[in-house]
Amino acid sequence: MKLSRDQVMVLAVATGLEIPEKDLDNVTIRVSALLSAMETIEAELGEAINSVEPLPPVFPREDF
């Protein structure tokens, strides 16, 4: 999935991130590559991707 600079800026603003102008091209390339890789993985796994619960984005700070 190839994103434009404007799309990356919209995503950044929506999530409260500030991307310096000098880094925007690099971030755009990296986010596009990550999304493309995720599309490939999803295509390979098919419906099996929906059978596993995703990891939570925040982990407890308790020692186990």
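In this text, all values refer to a predicted model and were calculated from it rather than measured experimentally.
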Quiz item: Which pair of heavy atoms, one from E39 and one from M1, lies closest together, and at what distance?
Solution: OE1-N, 3.2 Å

Quiz item: Linking Ile, Leu, Val, Met, Phe, Trp and Tyr through side-chain heavy atoms less than 4.5 Å apart, which residues share a cluster with I41?
Solution: L45, I49

Quiz item: Is E42 atom CD crowded by more than 12 heavy atoms from other residues, nucleotides or ligands, each under 6.0 Å away?
Solution: no

Self-check item: Heavy-atom pair with the smallest gap, counting every atom of Q7 and K2
Solution: OE1-O, 4.1 Å

Quiz item: Looking at residues at least two apart in the chain, or sitting in another chain, which of them share a salt bridge (Lys or Arg N to Asp or Glu O under 4.0 Å) with R5?
Solution: E21, D25

Could you tabulate the donor-acceptor pairs under 3.5 Å formed by side-chain atoms of residues 26-35, not counting sequence neighbours?
unit_1, atom_1, unit_2, atom_2, d
N26, OD1, R30, NE, 3.0
T28, OG1, L24, O, 2.7
S32, OG, L3, N, 2.9
S32, OG, T28, O, 2.9

Practice problem: Would you check if the side chain of T40 reaches a backbone N or O of S36 as a donor-acceptor pair within less than 3.5 Å? | Solution: yes

